[in-house]
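First up is the structure itself, then whatever we jot down about it.
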Amino acid sequence: MKIYTSGLATRVAATLLGIGFLAVGATAITMVPRAPDAYLADRTLWMGITFLVAGIAAITVSWLVADLSNIWCKQPPRSWD
C-alpha cells in the first residue's frame, strides 16, 4: 500500500470528516443502553455502526487513492460577472 500526499488539504479535510463520523458513531453506540425501547436501541446501534464504517472508509480512501477528483469533489470555479 502506498500513502499519497498530493492534494494535502483535501486529504486532511477528509480525514477530519472521517474522524467526525467516527465520533458520532462511537457516541451513538455508547447511547444504546440508554434507549427507551428496544426498537430505538436497535436503530441507534445500526446508525452507530454505519457511521463507524463511513468514518473508516473516508479516512482510508483519502490517503490510499491516488486521484481524489472523482471521490471528493472540488468546489466549482466562481464566476465574478
Side-chain angles (χ1 to χ4, degrees):
M1 281 193 295
K2 181 176 179 182
I3 295 177
Y4 295 93
T5 57
S6 61
L8 193 58
T10 303
R11 294 182 192 277
V12 170
T15 301
L16 293 175
L17 177 70
I19 290 170
F21 282 156
L22 291 173
V24 170
T27 302
I29 289 175
T30 60
M31 294 294 185
V32 169
R34 296 186 185 119
D37 60 5
Y39 177 73
L40 191 58
D42 185 56
R43 290 189 60 157
T44 304
L45 174 69
W46 286 107
M47 185 194 86
I49 291 170
T50 302
F51 271 76
L52 289 176
V53 169
I56 292 168
I59 294 169
T60 303
V61 164
S62 293
W63 292 102
L64 297 180
V65 173
D67 182 22
L68 295 175
S69 63
N70 292 328
I71 298 170
W72 301 109
C73 299
K74 293 181 182 179
Q75 185 177 9
R78 290 188 178 184
S79 171
W80 298 100
D81 297 333

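Just so it is clear, the values below take in all heavy atoms, side chains as well, and ignore hydrogens, waters and symmetry mates.
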Side chain to side chain contact (heavy atoms under 4.5 Å, CB included) involving L45 - partner list, sequence neighbours excluded: I29, V32, I49
Pair listing, side chain to side chain donor-acceptor pair (under 3.5 Å) test, anchored in residues 13-26, at least two apart: T15-W63
Option from V53, T27, L52 for which side-chain contact (heavy atoms from CB on, under 4.5 Å) with L22 holds: L52
Over all atoms of both residues, closest heavy-atom pair of K2 and L64: O-CD2, 3.6 Å
For T30, side chain to side chain donor-acceptor pair (under 3.5 Å) partners two or more places apart: none
Co-membership, hydrophobic cluster, residues L17 and F51, 4.5 Å side-chain: yes
Separation between OG1 of T44 and OH of Y39, rounded to the nearest 0.5 Å: 10.5 Å
Path from Y4 to L8 over hydrophobic side-chain contacts below 4.5 Å: no
Shortest non-hydrogen separation from M47 to A28 and the atoms involved: CE-CB, 3.7 Å
Taking every non-hydrogen atom, the tightest pair across A58 and G18: CB-CA, 3.9 Å
Heavy-atom closest contact (A14 atom, S62 atom, distance): CB-OG, 2.8 Å
